[in-house]
Amino acid sequence: MCTFMALETIEYYKNNGSNVHALLLDASKAFDRVNYIKLFNKLLDRGMCPLTVRLLLNMYTTQKLQVKWNSNISPKFDVTNGVRQGGVLSPLLFSVYIDELLEKLKRNGIGCFLGHHFVGALGYADDIILLCPTFSGLKKIIKICEEYAEEHCILFNGNKSKYLIFGDYKYNPTLRVNNEIVPRSESALHLGHMLHTKNTADELLDHAITEFNKKYYGFISKFDSCNTTTKNKLFHQYCCSMYGSQLWDITSQKAIQMNTQWRKAHRQVLSVVNMTHCDLLPLIAENMPLETILDCKYIAFYKSIATSKNKAVSYTAKTRLFDHTSTLGKNMTHLMHKYEFEIEDLISISRNKVKEHCYNKWISGINDEYPMYAQIIREIIMIKEGRCISEFTDEECDFIIKFCCVV
């Protein structure tokens with residue numbers, strides 16, 4: 001959601017002829033630098049129950065740590081600052097710790113706006129991105145961040161921060177954070193999503209394809225010896241999360257490449273021939289097609305942003321819906337036409353109903369005989385792997401599988 005807001009803001013400004021100067025701030029050892037007194041005072045100021053604050057205070061101030069190096073263990077020592085790395089509460093506690101900075105930037109009013117909503121500073125835990133249409137404005141924002149960081153024991157690292165300029169900006173300005181020059185980059189990762197000054201839409205999908213290939217080859221090296229049913233289930237667990245797919249342009253050629261790459265891998269997992277029809281793969285696997293899964297994820301994402309309590313997010317979801325220059329607008333127009341949805345229906349019906357509707361729409365458009373062929377293929381694969389008793393030879397099994405897959 002945070003990256004979505006950044007991308008939609010950048011798209012909006014670029015399409016209206018403006019540049020966007022983006023700074024991805026790196027906070028060195030951010031979680032380790034949290035000052036307990038300031039943190040727990042902020043929790044009390046927000047109206048949190050004092051008993052809960054006291055419990056958290058007790059958990060953090062009485063903890064003892066040890067360092068293990070090979071077989072050697074250090075003596076126990078106290079910790080006087082920092083929230084726990086990997087702790088469930090840690091991102092939320094750090095968000096509270098840094099939230100006052102975001103409020104200061106909002107009140108200052110320098111940065112990007114969508115309508116009357118300030119979107120010049122977006123943060124999730126210790127990942128902060130600053131967006132401003134001018135270089136001079138960005139420098140003023142950085143000054144506020146540096147002052148807040150000094151008061152709260154936070155150290156922003158200029159060398160590890162990333163400076164991107166979206167648009168036709170002809171100059172090459174020098175940007176500094178804490179007197180360190182921030183290198184200008186063409187691309188950077190934001191919360192695991194690739195941003196690119198030339199074509200973020202393509203870069204997001206190129207990055208997704210690369211990550212999928214890494215996961216797939218890692219998966220197949222570990223589980224290639226498993227039977228097909230087991231491999232299929234593990235494949236969907238290991239390789240099909242498609243993290244960040246809600247940011248993709250699902251109408252683009254790159255999205256088609258992603259689906260093609262996934263189907264190639266899926267054919268290998270299911271031990272079927274390369275010419276197996278695309279519509280047969282989900283039926284053999286007893287799952288939905290990847291394209292339908294991604295469509296459902298996008299619709300669920302739109303429901304979450306359209307009904308978000310964050311006014312800037314819900315405003316963006318509603319105003320960009322019918323804008324053809326917006327990735328959100330293009331995707332939702334495509335999905336509403338594809339599945340014959342009205343926007344009011346999408347907001348009101350449950351996720352399960354959406355999945356059921358999308359799956360039924362897909363299943364109604366395929367060959368009526370494919371479910372039967374898929375059942376035959378599954379049983380023949382089990383025979384070939386010795387999990388069912390039969391008089392078929394391996395050659396006969398291969399012939400039947402090939403015939404059903406390419407019929």
Side-chain angles (χ1 to χ4, degrees), residues 1-28 30 98 101-124 126-149 154-204 207 247 312-313 315-316 320 323 325-327:
M1 194 176 288
C2 187
T3 307
F4 159 77
M5 288 298 296
L7 291 178
E8 285 295 327
T9 302
I10 292 165
E11 276 187 350
Y12 176 79
Y13 273 78
K14 283 182 65 179
N15 291 330
N16 285 278
S18 175
N19 299 310
V20 176
H21 296 259
L23 177 64
L24 285 77
L25 275 175
D26 178 81
S28 296
I98 206 77
L101 169 61
L102 302 179
E103 288 294 335
K104 278 188 175 183
L105 294 173
K106 181 179 179 180
R107 288 194 297 271
N108 187 63
I110 300 175
C112 291
F113 280 80
L114 288 176
H116 59 281
H117 295 282
F118 177 74
V119 287
L122 304 167
Y124 178 77
D126 58 336
D127 284 282
I128 299 172
I129 182 169
L130 307 177
L131 303 171
C132 191
T134 64
F135 178 69
S136 58
L138 183 61
K139 289 201 295 184
K140 291 178 182 177
I141 295 174
I142 292 170
K143 185 68 176 174
I144 296 170
C145 293
E146 289 174 341
E147 291 171 356
Y148 187 88
I154 300 169
L155 179 63
F156 289 123
N157 189 328
N159 289 325
K160 291 186 178 179
S161 298
K162 296 283 187 179
Y163 175 40
L164 287 76
I165 303 176
F166 296 87
D168 299 323
Y169 193 75
K170 299 177 182 178
Y171 307 101
N172 191 23
T174 300
L175 189 71
R176 296 177 185 272
V177 173
N178 285 330
N179 292 321
E180 295 177 330
I181 295 176
V182 181
R184 181 175 170 181
S185 308
E186 284 196 347
S187 62
L189 278 175
H190 178 246
L191 295 169
H193 312 297
M194 183 62 73
L195 308 183
H196 199 282
T197 54
K198 301 301 181 186
N199 194 332
T200 293
D202 284 352
E203 283 296 320
L204 282 169
H207 182 68
L247 304 174
V313 174
Y315 172 84
T316 304
R320 305 287 281 161
D323 187 341
T325 64
S326 161
T327 299

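Bear in mind the structure is a predicted one, so any value in this text is a computation, not a measurement.
- At least one side-chain heavy atom of Ile181 sits under 4.5 Å from a side-chain heavy atom of Thr174.
- The closest side-chain heavy-atom distance from Thr316 to Tyr12 is not below 4.5 Å.
- The shortest non-hydrogen separation linking Met194 to Thr200 is O-CG2, 3.5 Å.
- Taking each heavy atom of Pro183 and Ser161 in turn, the nearest pair found is CD-O, 3.9 Å.
- The environment of OH in Tyr148 is crowded: more than 12 heavy-atom neighbours from other residues, nucleotides or ligands sit within 6.0 Å.
- Note that CG of Asn159 and CD of Glu180 are 4.5 Å apart. Values are rounded to the nearest 0.5 Å.
- Within a 6.0 Å sphere centred on NZ of Lys160, heavy atoms belonging to other residues, nucleotides or ligands number 12 at most.
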>> Applying side chain to side chain donor-acceptor pair (under 3.5 Å) to Glu11 and Thr325, what does each step give before you reach the verdict?
In response: CA-CA 8 Å; Glu11 276 187 350; Thr325 64; over 6 Å; no
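- Not counting sequence neighbours, Tyr13 has no partner by the ring-ring contact (aromatic ring centres under 6.0 Å, His included) test.
- Leu130 places a side-chain heavy atom less than 4.5 Å from the side chain of Leu105.
- In this structure, Leu25 CG and Ile142 CD1 are separated by 7.0 Å, a value rounded to the nearest 0.5 Å.
- The heavy-atom pair separating His196 from Ser187 by the smallest distance is CD2-CB, 3.5 Å.
- In plain terms, the two heavy atoms of Phe156 and Cys145 that are nearest each other are CE1-O, 3.5 Å.
- To the nearest 0.5 Å, atoms CG (Leu204) and CG (Asn199) are separated by 9.0 Å.
- A distance of 12.0 Å separates CD1 in Ile110 from NZ in Lys139, rounded to the nearest 0.5 Å.
- For His193, the ring-ring contact (aromatic ring centres under 6.0 Å, His included) partners two or more places apart in sequence, or in a different chain, are Tyr243.
- In this structure, CZ in Arg320 is found 8.5 Å from OG1 in Thr9, a value given to the nearest 0.5 Å.
- Residues Ile128 and Leu101 meet the side-chain proximity criterion, which asks for heavy atoms closer than 4.5 Å.
- The line from CD1 of Ile10 to OG1 of Thr197 is 10.0 Å long, rounded to the nearest 0.5 Å.
- Counting only heavy atoms from C-beta outward, the side chains of Cys2 and Asp127 never approach each other to under 4.5 Å.
- Closest heavy-atom contact between Ala312 and Val119: CB-CG1, 4.4 Å.
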> Does the pair Leu23 and Ile141 meet the rule for a side-chain contact (heavy atoms from CB on, under 4.5 Å), with working shown?
Replying inline: CA-CA 10 Å; Leu23 177 64; Ile141 295 174; over 6 Å; no
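- A heavy-atom distance below 4.5 Å is not found between the side chains of Arg184 and Leu175.
- Taking every heavy atom of both residues into account, Gly115 and Tyr315 meet most closely at CA-OH, 3.3 Å.
- For the pair Ser185 (side chain) and Leu164 (backbone), a donor-acceptor distance under 3.5 Å is absent.
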> Yes or no on side-chain contact (heavy atoms from CB on, under 4.5 Å) for Ile144 and Asn108, after CA distance, side-chain angles and deciding distance?
Replying inline: CA-CA 9 Å; Ile144 296 170; Asn108 187 63; 3.4 Å; yes
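- The side-chain heavy atoms of Tyr169 and Phe135, taken from C-beta on, include a pair separated by under 4.5 Å.
- Within the 4.5 Å cutoff, side-chain heavy atoms of Thr3 are placed close to those of Leu195.
- Counting only residues at least two apart or on different chains, the side chain to side chain donor-acceptor pair (under 3.5 Å) pairs with a member in residues 16-26 are His21-Tyr163.
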